[in-house]
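One structure below.
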Amino acid sequence: IVIIVKMVIWVKNGHKIGIHGLTHTPSVLLTNKDFKYEILEAKRILEERLKNVKKDYKINLKEYRPLKKVMNDLERYQTKLRRKEAIVAKKKVALYGVNNYVDIDKDKAEKLANELELLDGLRLSVSHCEEVINANKDRYPILEHTNQILEDQISHIEADIASTQETLRK
């Protein structure tokens, strides 16, 4: 919801406020006192709306942030998994190569076994992240879109409040 306050200032001896959708709709000739009251009332309404939108934003973030974190973790874990798989494959070839079936270094074999355990842990992490994402594949885009809309509303309302404050200073 974008609230646009349209004002035509300095009409003869008073001020004229056009349609702004906050407190009234017809154009009216106002005195300075009434004009200030209208602007203060518009500011109060904007602040109330801002409070409500921030409350909704906070609620949405409680659901959106964990899913966003899982998405980021999945990308990071997949990258680590690909790197680790390549390293383990190279070490396997070096350790158990075609010409090296008799002389297997026990220290290297033990390190390779440890790396294989880490690789299994990474695979488990990736599969867990994928399960969470698949379970929330319908909700995540909605939460992401809602988050963006609420952020836009907050910035627009804050800009409108700043505009009304600037009008009050004049």
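Model, not experiment: these values are computed from the prediction. This chain uses plain numbering: 1 for the first residue, then up along the sequence.
Taken from CD1 in Ile87 to CG in Leu112, the straight-line distance is 11.5 Å, to the nearest 0.5 Å. The distance from the NZ atom of Lys91 to the NZ atom of Lys108 is 9.5 Å, given to the nearest 0.5 Å. To the nearest 0.5 Å, atoms CG (Leu168) and OG1 (Thr164) are separated by 6.0 Å. Note that the CG atom of Leu74 and the CD atom of Gln78 stand 4.0 Å from one another [nearest 0.5 Å]. One distance of note links CD1 of Ile161 with CG of Leu50; it measures 4.5 Å at 0.5 Å rounding. Rounding to the nearest 0.5 Å places CG of Leu116 at 8.0 Å from CZ of Arg123.
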Between Arg139 and Glu63, is the side-chain contact (heavy atoms from CB on, under 4.5 Å) condition met? List the steps. CA-CA 9 Å; Arg139 280 185 52 223; Glu63 293 182 43; 2.6 Å; yes
For Glu117 and Asp120, what are the C-alpha separation, side-chain angles and deciding distance, and is it a side-chain contact (heavy atoms from CB on, under 4.5 Å)? CA-CA 5 Å; Glu117 287 179 21; Asp120 289 338; 5.5 Å; no
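Between Asp73 and Lys69, at least one side-chain nitrogen of the basic residue sits less than 4.0 Å from a carboxylate oxygen of the acidic one, meeting the salt-bridge criterion. A salt bridge links Lys54 with Glu158; the closest basic N to acidic carboxylate O contact falls under 4.0 Å. Between Arg44 and Glu48 there is a salt bridge, since a side-chain N of the basic residue sits under 4.0 Å from a carboxylate O of the acidic one. No salt bridge links Glu47 with Lys51; every basic N to acidic carboxylate O contact stays at or beyond 4.0 Å.
In plain terms, the two heavy atoms of Leu61 and Pro66 that are nearest each other are O-CD, 4.0 Å. Residues Tyr57 and Asn147 approach most closely at CE1-OD1, 3.1 Å, considering heavy atoms. Here the shortest heavy-atom pairing between Val126 and Tyr77 reads CG2-CB, 3.6 Å.
Judged purely by atom type and a 3.5 angstrom limit, Asn134 uses its side chain to pair as donor or acceptor with the backbone of Glu130. Judged by distance alone, the side chain of Ser163 and the main-chain N or O of Ala159 form no donor-acceptor pair under 3.5 Å. In terms of modelled atom types and a separation under 3.5 Å, the side chain of Asn136 and the main chain of Val132 share a donor-acceptor contact.
Under the 4.5 Å side-chain criterion, counting only non-hydrogen atoms from C-beta, Lys84 is not in contact with Leu81. Under the 4.5 Å side-chain criterion, counting only non-hydrogen atoms from C-beta, Glu75 is not in contact with Thr79. Using a 4.5 Å cut-off on side-chain heavy atoms (C-beta onward), Tyr140 and Ile133 make no contact.
Residue Arg83 qualifies as open at atom CZ: its count of foreign heavy atoms under 6.0 Å is 12 or below. Applying the 6.0 Å contact sphere to CZ of Arg65 captures no more than 12 heavy atoms from other residues, nucleotides or ligands.
Under the 4.5 Å side-chain contact rule for hydrophobic residues, Leu46 and Ile149 do not share a cluster.
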